[in-house]
Amino acid sequence: MTLESIVQEIYEGLGEPSDLEFRSGAGDILTGSTGWLRLVDAVNRACIELSTWKFPEGRTLKFRSLEANTVFASEVLTATVSDGAIGTATLTTSLPIQADNYYAGWVVTLANAQYRVFMSTTALSGTDTDLLVLSPLEVDPVGETISASRREYTFVAATPTFGTVPTNPTVPAAIGTPLEIISVYDMTSATELETLSRDAQGFETPPSVQTPTAYYKVGRGLRFDTWPDASANYTVRFFRTPNVLAYADTTAVPELPENYHRAIVLWGMWWGYRRMQENNSAYATKRDLDDLLRHIRGEYDLEGQYSDGQVFLNVDGRF
């Protein structure tokens with residue numbers, strides 16, 4: 001079903017409410033009308049809701065067609081120390097400015113010892129960065145080479161630059177919002193990383209700097225079990241939301257399988273009845289929707305084939 005036909009069925013199913021009218025007197029679609037915009041928003045919301053639908057018995061719909069891949073490289077930077085002294089906690093280095101995280105959570109290796117970075121103290125100007133290290137230094141750092149490593153990587157909405165590997169998993173806006181990480185594969189060592197539960201996390205003292213072998217699902221990304229000792233390339237496989245249907249593309253087809261398009265219509269009618277405060281109709285439509293989804297979920301219900309879910313959905317503001 002096209003976007004036009006889905007919207008038309010929702011509109012007719014609701015009794016053609018005047019405040020959702022979207023056609024001109026000649027029958028043409030007014031893609032800028034309030035009715036059309038609201039109905040298309042409802043269709044897009046329906047697609048998102050169905051792609052994350054959880055049944056009363058606890059099972060969640062997961063669609064094979066909504067799996068995607070992205071790549072990133074772990075970040076390990078080297079620099080020289082130009083200022084600092086034994087016993088102090090602040091180093092001036094040639095590390096580049098980090099506007100997004102100020103090196104918080106990174107680990108610095110100096111003379112075979114590891115130090116946690118609290119923050120960068122340099123304003124966003126110039127080329128050098130001062131690092132505030134939590135532990136007192138046991139050696140004179142001036143002239144020494146250090147390495148700085150981070151272990152947490154979050155999804156960002158951006159299209160990767162051709163020929164480069166980004167330092168965060170990047171997801172173009174055109175393919176929807178990440179929902180849950182399925183797997184992480186180390187392409188450098190050709191191994192798949194183990195998934196660890198959130199309960200297994202701890203604050204390591206001293207921090208461990210070596211090749212990661214596992215990861216935790218956190219917030220909007222992942223955290224390695226160790227701080228990488230060298231840069232490596234990773235592939236992340238994840239579930240995502242369906243593509244957003246544009247207002248002007250009346251012939252667009254939702255990314256959900258064809259047999260779920262009727263469910264989109266029912267969800268839109270459920271939305272409309274609740275909006276009009278017709279509670280009895282809303283209840284009956286919701287019951288029809290649940291029944292339909294139970295009958296058609298079939299091969300698309302992949303619940304239990306992957307680890308516990310991790311939803312970090314923020315559709316309006318991306319992620």
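Keep in mind that what you see is a predicted model, and the values were worked out from it rather than measured. Along the sequence shown, residues are numbered consecutively beginning with 1.
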Sequence neighbours left out, cut at 3.5 Å: what donor-acceptor pairs do the side chains of residues 1-8 make with other protein atoms?
unit_1	atom_1	unit_2	atom_2	d
T2	OG1	S5	N	3.3
T2	OG1	S5	OG	3.3
E4	OE2	R23	NH2	3.1
S5	OG	T2	N	3.0
S5	OG	T2	O	2.8
Q8	OE1	R23	NE	3.1
Q8	OE1	R23	NH2	3.1
Q8	NE2	E12	OE2	2.7

Using a 4.5 Å cut-off on heavy atoms from C-beta on, say whether the side chain of [Y] contacts that of [X].
X    : Y    : answer
R151 : P228 : yes
K54  : L61  : no
R274 : M269 : no
L193 : D186 : yes
I29  : W36  : yes
D225 : L196 : yes
Y215 : E194 : no
T154 : V218 : no

So, taking the atom named [atom1] in [X] and the one named [atom2] in [Y], what distance separates them when rounded to the nearest 0.5 Å?
X    : Y    : atom1 : atom2 : result
S120 : L132 : OG    : CG    : 9.5 Å
M276 : L20  : CE    : CG    : 7.5 Å
I10  : L39  : CD1   : CG    : 6.5 Å
R294 : W53  : CZ    : CH2   : 10.0 Å
T226 : Q210 : OG1   : CD    : 5.0 Å
N259 : H295 : CG    : NE2   : 13.0 Å

Is R275 paired with D19 through a side-chain N to carboxylate O contact shorter than 4.0 Å? yes

Between D41 and R38, is the closest basic N to carboxylate O distance under 4.0 Å? no

Flag yes if [X] and [Y] sit in one hydrophobic cluster, no otherwise; membership is Ile, Leu, Val, Met, Phe, Trp, Tyr, and two members link when side-chain heavy atoms are under 4.5 Å apart.
X    : Y    : value
Y185 : F239 : no
V253 : L50  : no
I175 : I181 : yes
L266 : Y273 : yes

Check whether the ring centres of Y234 and F72 lie less than 6.0 Å apart, and answer yes or no. yes

Measure from the ring center of F155 to the ring center of F238 and say whether it is less than 6.0 Å. yes

Would one find more than 12 heavy atoms of other residues, nucleotides or ligands at under 6.0 Å from atom CZ of F118? no

Exceeds 12 heavy-atom contacts within 6.0 angstrom, atom CD of E138: no

Side chain of N44, backbone of L245: donor and acceptor closer than 3.5 Å? yes

Would you tell me whether [X] and [Y] have side-chain atoms, one donor and one acceptor, within less than 3.5 Å of each other?
X    : Y    : value
D288 : T285 : no
T92  : D130 : yes
T251 : D249 : yes

Sequence neighbours excluded, every pair satisfying salt bridge (Lys or Arg N to Asp or Glu O under 4.0 Å) that has a member inside residues 82-99: none

Heavy atoms only: give me the nearest Y260-I296 pair and the separation to one decimal. OH-O, 3.3 Å

Test R240 against E180 for salt bridge (Lys or Arg N to Asp or Glu O under 4.0 Å), laying out the working first. CA-CA 7 Å; R240 61 178 177 84; E180 177 191 352; over 6 Å; no

